[in-house]
Amino acid sequence: QVQLVESGGGLVQTGGSLRLSCAASGRTFSGYPMGWFRQAPGKVREFVAGMSWSTGRTSYADFVKGRFAISRDNAKNTVNLQMTSLKSEDTAVYYCAAGTGARTGAGPIDYWGQGTQVTVSS
């Protein structure tokens with residue numbers, strides 16, 4: 001079993017920055033792609049960014065390219081999402097995810113975080 005614990009969500013003004021973190025626990029956690037999804041009110045959950053744990057290859061949704069950056073800390077089993085130039089349309093619940101589908105948004109997700117609210121005021 002893998003547990004994902006998120007932190008860093010909150011309220012930020014338009015144009016501001018926010019850093020989300022997701023810590024994965026479980027001694028057998030290895031080789032799992034990890035990434036971030038988000039779900040805005042009235043919208044489906046959508047892929048934001050992902051990373052292969054083994055290769056470091058990253059993928060981004062078009063609407064965040066150049067603004068968001070995903071990174072990892074292997075020692076801490078942590079994946080981060082640095083968000084800059086935030087817009088009101090970035091307002092959503094952001095979910096950490098682990099599984100094959102977490103890298104690119106295609107494929108199964110085995111574990112989800114609880115979700116953390118990001119609100120961009122405008």
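Being a predicted model, the structure only gives us computed values, none of them experimental.
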(request) Indicate if Ile70 and Tyr111 have the same hydrophobic cluster label, given that clusters are the connected sets of ILVMFWY residues with side-chain heavy-atom separations under 4.5 angstrom. (result) yes

(message) Looking at every heavy atom in both Ala97 and Ile109, which two are closest together, and how far apart are they?
(response) CB-CG2, 3.8 Å

(request) Would you mind checking if Lys65 and Asp62 are paired as a salt bridge, meaning a charged N to carboxylate O distance below 4.0 Å? (result) yes

(message) Between Glu89 and Thr91, is there a side-chain donor-acceptor contact under 3.5 Å, judged purely by atom types and distance?
(response) no

(message) Does Gln13 have more than 12 heavy atoms from other residues, nucleotides or ligands lying within 6.0 Å of its CD?
(response) no

(message) To check you understand the geometry: which heavy-atom pair defines the closest contact between Met34 and Leu4, and what is its length?
(response) CE-CD2, 4.0 Å

(message) Can you tell me how the ring of Tyr94 sits relative to the ring of Phe68, calling it parallel under 30°, perpendicular over 60° and tilted otherwise?
(response) tilted

(request) Looking only at non-hydrogen atoms, find the nearest pair between Val2 and Ala24 and report the distance. (result) CG1-CB, 4.3 Å

(message) Can you confirm if the aromatic rings of Phe37 and Phe47 lie within a centre distance of less than 6.0 Å?
(response) yes

(message) Side-chain heavy atoms nearer than 4.5 Å, only ILVMFWY residues, links allowed to pass through others: does that put Leu86 and Phe63 together?
(response) yes

For residues 16-23, dump all side-chain donor-acceptor pairs below 3.5 Å to protein atoms at least two apart in sequence or in another chain.
| unit_1 | atom_1 | unit_2 | atom_2 | d |
| --- | --- | --- | --- | --- |
| Arg19 | NH1 | Gln82 | OE1 | 3.3 |
| Ser21 | OG | Asn80 | OD1 | 2.8 |

(message) Do Met51 and Arg57 make a side-chain contact, defined as non-hydrogen atoms from C-beta onward lying under 4.5 Å apart?
(response) no

(request) State, yes or no, whether a side-chain contact exists between Gln39 and Tyr95 at a heavy-atom distance under 4.5 Å. (result) yes

(request) Grab the two heavy atoms, one from Leu81 and one from Trp36, that are nearest each other, plus how far apart they are. (result) CB-NE1, 3.5 Å

(request) Compare every heavy atom of Arg72 with every heavy atom of Ser52, then report the nearest pair and how far apart it is. (result) O-NH1, 3.1 Å

(message) For Met83, run the side-chain contact (heavy atoms from CB on, under 4.5 Å) check against Val118, Asp90, Val120 and tell me which one passes.
(response) Val118

(request) Considering non-hydrogen atoms only, spot the tightest contact between Glu6 and Thr116 and give its length. (result) OE1-N, 3.7 Å

(message) So Arg38 and Arg45, do their side chains get closer than 4.5 Å, heavy atoms only?
(response) no

(message) Keeping Thr14 on the side-chain end and Ser121 on the backbone end, is there a donor-acceptor pair under 3.5 Å?
(response) yes

